[in-house]
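Reckoned from all heavy atoms, side chains included, excluding hydrogens, waters and symmetry mates. By convention in this document, chain letters (A, B, ...) are assigned in the order of the sequence lines, proteins followed by strands, and residues within each chain are numbered from 1.
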There are 2 protein chains.
Amino acid sequence: MNKNIYMHIYNDYSAQIQSGSLSAGQKLPSENELAEAYGTSRETVRKALHMLSENGYIHKIKGKGSFVLDTQRMSFPVSGLVTFKEVSERLGRSVRTIVYENECVPSTAEIARCLQLKDLGPVWKVVRAREIEGEKIILDKDYFLTTYVPSLSIEAATNSIYEYLEQKLHLPISYAKKEISVEEVTPEDKQLLDLHDYQHIVVVRNYVYLVDTTLFQYTESRHRLDKFQFVDFARRVQN
Amino acid sequence: MNKNIYMHIYNDYSAQIQSGSLSAGQKLPSENELAEAYGTSRETVRKALHMLSENGYIHKIKGKGSFVLDTQRMSFPVSGLVTFKEVSERLGRSVRTIVYENECVPSTAEIARCLQLKDLGPVWKVVRAREIEGEKIILDKDYFLTTYVPSLSIEAATNSIYEYLEQKLHLPISYAKKEISVEEVTPEDKQLLDLHDYQHIVVVRNYVYLVDTTLFQYTESRHRLDKFQFVDFARRVQN
DNA sequence: GAGTGGTCTAGACCACCCC
DNA sequence: GGGTGGTCTAGACCACTCT
């Protein structure tokens with residue numbers, strides 16, 4: 001199951017902290033104790049603890065130990081590379097996805113620029129609305145290079161596209177760049193979402209890269225103002 | 001100057017990549033070559049390369065090498081724990097800070113909640129507007145525990161509070177939690193900023209912690225809609 | 001097969017914290 | 001002084017890429 005020892009340790013503790021069986025302020029065993037407990041070396045334990053620290057689960061204090069952080073973070077979408085499906089499941093909300101469009105289209109000049117295409121070749125386009133507790137709040141517009149995603153079934157689009165890409169197509173997704181801004185609503189937004197009278201909308205542009213650094217997906221996630229929230233955890237770089 | 005070898009390597013390469021003397025796609029020396037060049041071990045080199053990778057500077061491919069990423073990221077404030085001053089200097093924009101308030105006040109119920117205070121003790125409050133190219137666009141409201149920040153000079157508030165906290169008070173700032181949302185403008189926003197007719201404003205709530213995990217600062221950064229941008233870089237967790 | 005990055009080891013010394 | 005985390009070493013074996 002867990003090929004790597006450090007991943008095993010990381011998974012053990014992140015699960016315990018998320019589930020609440022380890023609560024804020026509690027002290028973890030020392031690195032030497034963990035190394036012995038897992039039958040590994042201290043550096044391997046340290047790698048796991050470093051990841052827990054990077055992801056906001058614990059905090060390490062020299063001379064004292066590692067401590068669980070107060071972490072009811074991640075209130076809503078878009079932190080890290082977490083998918084909408086993962087987040088809504090975690091929240092246990094009543095969520096529905098409506099697929100408006102799921103087809104191969106010639107790319108417009110704007111999409112070609114976003115995907116860094118030389119010519120206006122075809123792209124696979126998916127347009128979906130996310131309905132949360134009866135209101136259509138988020139509009140997701142996805143564009144994929146047809147080289148990697150020649151087509152997508154309605155089932156894949158309705159469930160999780162990422163699940164399909166990673167588990168079926170085995171695309172090695174590596175990293176993403178996200179840009180958040182606020183823009184004026186478009187007629188399309190008004191038509192496809194329950195926007196009330198808001199004149200602006202939060203736009204999250206997502207550029208997704210494979211491990212060979214090719215850009216293969218561009219996504220525009222358009223959120224109704226009042227329902228948008230983004231949570232971020234950051235560590236100050238030490239000197 | 002650089003106490004740690006890995007920091008030395010990290011600083012060397014992050015500087016070269018930021019300055020553009022290493023450009024996107026270029027290959028770094030192999031880990032073994034770097035270890036020899038810096039007269040250190042491979043694990044130490046790997047620690048530096050891991051940090052470069054985490055911060056979006058490079059990308060590592062097993063069997064091939066480490067490559068510089070296309071990185072004109074960080075378009076505007078609020079990514080990582082970077083201060084306003086650091087960012088505006090990097091952008092080379094004409095920026096001015098106006099201090100409206102800089103004093104010790106009793107905390108309101110809301111501020112006490114944000115700073116997790118038991119009682120309504122005093123806090124040091126700073127209210128500043130950020131003027132960019134002639135327009136007051138950002139309103140920063142900072143609240144500090146007086147235990148750590150008994151007072152602040154106008155100079156510190158006008159320049160960089162962080163610089164003062166870290167270099168003069170030697171406060172060990174460790175990590176922060178950031179929440180971004182969009183809210184309705186308040187009369188205070190209208191009065192202190194050049195808001196045009198926008199009815200909403202982007203609010204970035206920032207909770208800053210010291211290394212001993214005490215929360216010592218709460219900041220509300222209120223950005224005019226059209227000028228707000230947030231850029232984030234994220235890696236997909238590998239399995 | 002040679003070169004690369006990914007994981008892991010079993011030590012070492014240091015700086016810091018607390019008693 | 002004993003325990004803690006922070007840094008570093010000099011090896012090892014593996015999986016992967018390229019040719």
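- Stretches of at least 3 consecutive Watson-Crick or G-U wobble pairs, with each checked distance under 3.5 Å, appear in DNA chain C as C:1-18 with D:1-18.
- With C:dG5, C:dC8, D:dG5 as the candidates, the nucleotide lying closest to the side chain of B:Ser30 is C:dG5.
- Among C:dT4, D:dC8, D:dG5, the nucleotide with an atom closest to any side-chain atom of A:Ser66 is D:dG5.
- Of all nucleotides listed (D:dT9, C:dG6, D:dG5), D:dG5 comes nearest to the side chain of A:Lys60.
- For the pair A:Glu43 and A:Leu49, both in contact range of DNA chain D, the more 5′-proximal nearest nucleotide belongs to A:Leu49.
- Note: A:Tyr10 and A:Tyr57 have perpendicular aromatic rings, judged against thresholds of 30 and 60 degrees for the angle between ring planes.
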Please list, for nucleotides 15-19 of chain D, all pairs of protein and nucleotide N/O atoms separated by less than 3.5 Å.
unit_1, atom_1, unit_2, atom_2, d
D:dC18, OP1, B:Lys64, NZ, 3.1

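- Position along DNA chain C of the nearest nucleotide to A:Arg42 versus B:Pro29 favours B:Pro29 as the more 5'-ward residue.
- Although no hydrogens or angles enter the test, the distance criterion places a donor-acceptor pair under 3.5 Å between the side chain of B:Ser19 and the main chain of B:Gln16.
- A salt bridge does not link B:Lys125 with B:Asp142: none of the charged nitrogens is closer than 4.0 Å to a carboxylate oxygen.
- Ion pairing between a basic and an acidic side chain is recognised when a charged N comes within 4.0 Å of a carboxylate O; B:Arg42 and B:Glu33 show no such pairing.
- Counting to the nearest Å, the P atom of C:dT7 and the CG atom of B:Asn32 are 16 Å from each other.
- Annotation: side-chain contact (heavy atoms from CB on, under 4.5 Å) contacts of A:Leu152 (sequence neighbours excluded): A:Asn102, A:Trp124, A:Val126, A:Phe144, A:Val149, A:Ala156, A:Ile161, A:Tyr164.
- Protein atom NZ of A:Lys47 is 17 Å distant from nucleotide atom C1' of D:dG6, rounded to whole Å.
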